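Shown next, in structure tokens, is the structure this report addresses.
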Amino acid sequence: RGQNILLLGGNIDLIENSISVVGGRLQLAGLSEAGTISLSSRNGLLRAALPESIVRSDISLSRGAQILASGPEESINVAARHLTLSSEPGGTLNEQTAILSGALPGLLLPYQIGDVNIDATGDVRLVDSNIYSAISIGATGRTGDINFKSRSLYLTDSSQIATTGLGTGDSGDLNVEVEQNIFLDGKNSRPDRLTGLYSLLGDLTFGTGNGQAGDLTIQTNSLDVINGALVSASTLGEGDAGQIMIVADERMLIDGVSSLTGVASSISSSVEFTGRGDGGSIDITTPLLTIDRGGAIFGRTQGDGNAGSI
């Protein structure tokens, strides 16, 4: 508690095991060559600054491996060439491989939880895995943002990157900056875990969540949302949903319906049945937008509040 963990070196492979730092900071950096790293301390937490010129190596989390931290300012920092998260097929939520930052049940934190910063010079691939910044049910606090950078991003098999608020407090923003392609594929997604990028407040089952949901911003060359994958900013609790802002320099595709769940691929902002608040706006900039085979872009309200604009 209140400490920090730095894992620096060559390829980093975390299999099955978990690393947890409550009230502290966790940093992983894969490096493939010798170089000079600057170490500094801020608020008692050690930080390693990597030079831009240094060649990075790969980081892999698999078979239910999880890293969790809930420190101030910055909770988790991951710097790699390629980053891969993968789980055993058919595992439960607790068995999913994950990078997690947030307030745990029963935890009252005197500070805003820090950001999750993911920086990969190569490709990031999630298979039945998650990256979350969340306020759990029964917790009080404000989560930090997820700031994500990579060359490409691939999500499938119930994988999610999300900021969520299930307790009391505002959720952070989700900022995704990908140089080439974002590929969200809903194949093999289970009904309770649909593949996608999310900013959420509350829960369909319990309707919990009291605060303001964060915004969802995507900057990329191309974006594919297929086979029932989702990009969603929604409120299911008490508070407004965040806004969705997407810039795809070359093209966007929203296509198809999941063969397992019947869910259509979509980009949406919504106030759900349990929600009390207004939906956020959807702003899309791209020279080519293709919507096919049941895909959709929509704003809706099924609860107590106004739908956002598109």
Side-chain angles (χ1 to χ4, degrees), residues 11-19 26 28 30 56 58-69 75-102 115-134 145-164 174-200 216 218-220 222-232 258 260-261 263 265:
N11 291 338
I12 297 175
D13 297 304
L14 186 62
I15 303 171
E16 292 184 340
N17 295 310
S18 298
I19 302 173
L26 192 151
L28 281 73
R56 301 181 186 179
D58 301 339
I59 296 178
S60 172
L61 282 69
S62 62
R63 297 173 61 181
Q66 296 185 352
I67 61 175
L68 165 66
S75 291
I76 296 173
N77 183 296
V78 178
R81 180 180 60 171
H82 302 312
L83 173 64
T84 303
L85 279 68
S86 61
S87 302
E88 288 291 295
T92 66
L93 180 60
N94 290 333
E95 295 170 338
Q96 277 191 304
T97 299
I99 296 174
L100 308 167
S101 172
D115 296 340
V116 176
N117 294 312
I118 308 291
D119 187 357
T121 57
D123 306 327
V124 176
R125 183 181 183 91
L126 273 67
V127 181
D128 196 11
S129 303
N130 304 311
I131 300 174
Y132 286 151
S133 177
D145 302 334
I146 296 178
N147 301 307
F148 182 97
K149 290 184 179 182
S150 69
R151 181 177 63 189
S152 66
L153 172 62
Y154 180 78
L155 268 64
T156 190
D157 291 57
S158 294
S159 294
Q160 299 178 346
I161 301 177
T163 60
T164 62
L174 173 54
N175 303 306
V176 179
E177 183 179 340
V178 173
E179 179 183 350
Q180 296 180 1
N181 308 311
I182 298 175
F183 194 74
L184 310 178
D185 189 350
K187 72 175 183 180
N188 301 327
S189 292
R190 280 153 282 189
D192 60 334
R193 282 182 274 161
L194 302 174
T195 298
L197 303 174
Y198 295 89
S199 169
L200 299 176
L216 199 167
I218 300 172
Q219 171 75 58
T220 188
S222 67
L223 171 62
D224 292 308
V225 185
I226 67 171
N227 296 326
L230 305 178
V231 176
S232 176
S258 169
L260 293 179
T261 65
V263 173
S265 304

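Computed from a predicted model, the values in this text were never measured in an experiment. Numbering starts at 1 and runs along the sequence shown.
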### Task
Would you tell me whether Ser189 and Thr195 have side-chain atoms, one donor and one acceptor, within less than 3.5 Å of each other?
yes

So how far is it from [X] [atom1] to [Y] [atom2], rounded to the nearest 0.5 Å?
| X | Y | atom1 | atom2 | value |
| --- | --- | --- | --- | --- |
| Ser60 | Ile15 | OG | CD1 | 7.0 Å |
| Leu223 | Ile218 | CG | CD1 | 5.5 Å |
| Leu28 | Ile19 | CG | CD1 | 6.0 Å |
| Tyr132 | Gln160 | OH | CD | 3.5 Å |
| Gln96 | Ser158 | CD | OG | 6.5 Å |
| Asp157 | Asp128 | CG | CG | 6.0 Å |

Nearest non-hydrogen partners of [X] and [Y], listed with the distance:
| X | Y | result |
| --- | --- | --- |
| Tyr198 | Leu230 | OH-CD1, 3.5 Å |
| Val225 | Ala229 | CG1-O, 3.2 Å |
| Thr156 | Lys187 | OG1-CG, 3.4 Å |
| Asn227 | Ser265 | N-OG, 3.1 Å |
| Ser18 | Gly64 | OG-O, 4.4 Å |
| Ile146 | Ile131 | CD1-O, 3.9 Å |

Answer yes or no: is there a side-chain heavy-atom contact under 4.5 Å between [X] and [Y]?
| X | Y | value |
| --- | --- | --- |
| Leu85 | Asn130 | no |
| Leu174 | Ile161 | yes |
| His82 | Arg151 | yes |
| Val176 | Gln219 | no |

### Query
Can Leu184 and Tyr154 be said to form a side-chain contact (heavy atoms from CB on, under 4.5 Å), step by step?
CA-CA 6 Å; Leu184 310 178; Tyr154 180 78; over 6 Å; no

### Query
Do the side chain of Ser129 and the main chain of Ser86 share a donor and acceptor less than 3.5 angstrom apart?
yes

### Task
Check for a donor-acceptor pair, side chain of Thr163 on one end and backbone N or O of Ser133 on the other, with a separation under 3.5 Å.
no

### Query
Which residues satisfy the side-chain contact (heavy atoms from CB on, under 4.5 Å) test with Ser222, sequence neighbours excluded?
Asn181, Arg251

### Task
Tell me, with the steps shown, if Phe183 and Ile226 meet side-chain contact (heavy atoms from CB on, under 4.5 Å).
CA-CA 8 Å; Phe183 194 74; Ile226 67 171; 3.4 Å; yes

#### Entry: Asp123, Asp119, Asp58 screened by salt bridge (charged side-chain N to carboxylate O under 4.0 Å, His left out) with Arg81, the one that passes
Asp58

### Task
Test side-chain contact (heavy atoms from CB on, under 4.5 Å) on Ile67 and Leu61 and set out the steps.
CA-CA 9 Å; Ile67 61 175; Leu61 282 69; 4.3 Å; yes

### Partners meeting side chain to side chain donor-acceptor pair (under 3.5 Å) with Asn147 (sequence neighbours left out)
Asn117, Asn175

### Message
Set out, in order, the CA-CA distance, both residues' side-chain angles and the distance that settles salt bridge (charged side-chain N to carboxylate O under 4.0 Å, His left out) for Glu16 and Arg63, then state yes or no.
### Response
CA-CA 5 Å; Glu16 292 184 340; Arg63 297 173 61 181; 2.7 Å; yes

### Task
Kindly determine whether Phe148 and Val178 satisfy side-chain contact (heavy atoms from CB on, under 4.5 Å), including the steps that lead there.
CA-CA 8 Å; Phe148 182 97; Val178 173; 4.1 Å; yes

## Note on the structure
Only one of Asn77, Ile99, Ile59 passes side-chain contact (heavy atoms from CB on, under 4.5 Å) with Ile118, and that residue is Ile99

